[in-house]
Amino acid sequence: YLSKSVLGEFMKLYIKQRVFSFVDKFSVKDENGTDRYFVEGQIISLGKKLHIFDSEHNEIALVKQKIVSLRPKFVVEVNGEEVAEIVKKITFFKPQYYVEGLGWNVDGDFFAHDYVIESNGAEVVSIHKAWVSWGDTFELDIADGNDEVTALAVVLAIDAVLNSQNATASAHFGNI
């Protein structure tokens, strides 16, 4: 069996829309609907955390919130090593993100989960809404199988930044 990245095709992973949360446990599926990764949120800790496990339930990545920061920031660890930090650029109109440590740039419609992460002009992963048999789902097309875990963790970290900002905005403006 050859992996799709060896054949020159994208690896596909699927995440259900309603499970982007720190309090849920959910699985990330492959194109056959098989559970490939398991994600568990941990809200009772210093900062929010998402633990990512492989199919044998070994922890392979961690997304954790940096506590001392003016803006929401999340760090990605893969196999116990910090590999990236999601940095939101200061802009007035459209949110922009940079993946520090990997040199990845992020562009697209984040609120619709329709965006692309690139490295030196080459696509690393694209995220968009997909229509599959198990409901509204977001599809991750990952260009290189070697980047699969890191790309998944970075996508979850970007979503964590968005959720954190939305929660802060709701808290500030919810009583108006």
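In this text the structure is predicted, and so the values were computed from the model without any measurement. Reckoned from all heavy atoms, side chains included, excluding hydrogens, waters and symmetry mates.
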Note to self: Would you say that I158 contacts I117 through its side chain, given a criterion of any heavy-atom pair below 4.5 Å between the two side chains?
What the structure shows: yes
Check: Between H128 and F138, does a ring pair (Phe, Tyr, Trp, His ring centres under 6.0 Å) hold up when you go through it step by step?
Finding: CA-CA 5 Å; H128 58 278; F138 294 100; 9.1 Å; no
Item checked: Heavy-atom check, side chain of E148 versus side chain of Y37, under 4.5 Å -> yes
Note to self: Whether the side chain of D30 engages the backbone of G33 through a donor-acceptor N/O pair (distance < 3.5 Å, no angle test) should be reported.
What the structure shows: yes
Next item on the list: Locate the shortest heavy-atom distance separating A157 from I86; write the atom from each residue and the value.
Entry: CB-CG1, 3.4 Å
Check: So, do K49 and L62 sit near enough that their side-chain heavy atoms are less than 4.5 Å apart?
Finding: yes
Check: Do Y98 and V106 have side chains that get closer than 4.5 Å, going by heavy atoms?
Finding: no
Notebook entry, point to check: Can you check whether T34's main-chain N or O pairs, donor with acceptor, with N32's side chain at less than 3.5 Å?
Noted result: no
Checklist line | Main-chain N/O of K48 paired with Q65 side-chain donor or acceptor, under 3.5 Å | finding: yes
Notebook entry, point to check: Do other residues, nucleotides or ligands put more than 12 heavy atoms under 6.0 Å from N58 CG?
Noted result: yes
Notebook entry, point to check: Backbone N or O of T150 within a donor-acceptor pair of the D147 side chain at under 3.5 Å?
Noted result: no
Checklist line | Partners passing side-chain hydrogen bond (donor to acceptor under 3.5 Å, both in side chains) against D109 (at least two apart in sequence or in another chain) | finding: none
Check: Does some side-chain heavy atom of V99 sit less than 4.5 Å from a side-chain heavy atom of N105?
Finding: no
Check: Listed by chain and number, what are the salt bridge (charged side-chain N to carboxylate O under 4.0 Å, His left out) partners of E85, not counting sequence neighbours?
Finding: K66, K73
Notebook entry, point to check: Out of curiosity, D107 CG to S126 OG, how far, rounded to the nearest 0.5 Å?
Noted result: 12.5 Å
Checklist line | Side-chain heavy-atom pair R36, E31 within 4.5 angstrom cut-off | finding: no
Checklist line | Least distance between heavy atoms, A143 atom then E123 atom | finding: CB-O, 3.2 Å
Next item on the list: Apply side-chain hydrogen bond (donor to acceptor under 3.5 Å, both in side chains) to D141 and list each qualifying residue two or more places apart in sequence or on a separate chain.
Entry: K12
Check: Cut-off 3.5 Å, side chains only: do H51 and E59 have a donor facing an acceptor?
Finding: yes
Check: Is there a path of hydrophobic side-chain contacts, each under 4.5 Å between heavy atoms of I, L, V, M, F, W or Y residues, that connects I15 with I60?
Finding: yes
Next item on the list: Take E40 and F53 through the side chain to side chain contact (heavy atoms under 4.5 Å, CB included) test and state the conclusion after the steps.
Entry: CA-CA 8 Å; E40 293 184 19; F53 301 92; 3.9 Å; yes
Check: Got E81 and N79 here, is their nearest side-chain heavy-atom distance under 4.5 Å?
Finding: no
Notebook entry, point to check: Is it true that V78 and M11 fall in one hydrophobic cluster, defined by side-chain heavy atoms closer than 4.5 Å?
Noted result: yes
Notebook entry, point to check: Would L102 and I52 show up in the same hydrophobic cluster when neighbours are defined by side-chain heavy atoms closer than 4.5 Å?
Noted result: yes
Item checked: Nearest-0.5 Å distance that lies between atom CZ in F38 and atom CZ in F26 -> 11.5 Å
Item checked: ILVMFWY network linking V124 to L13, side-chain heavy atoms under 4.5 angstrom -> yes
Notebook entry, point to check: With V28, which of V155, L140, L152, L156 fulfils side chain to side chain contact (heavy atoms under 4.5 Å, CB included)?
Noted result: L152
Next item on the list: Salt-bridge test for E77 and K64: reply yes if a basic N is under 4.0 Å from a carboxylate O, no otherwise.
Entry: yes
Note to self: Taking V83 as the starting point, is it possible to reach Y97 by hopping between hydrophobic residues whose side chains are less than 4.5 Å apart?
What the structure shows: yes
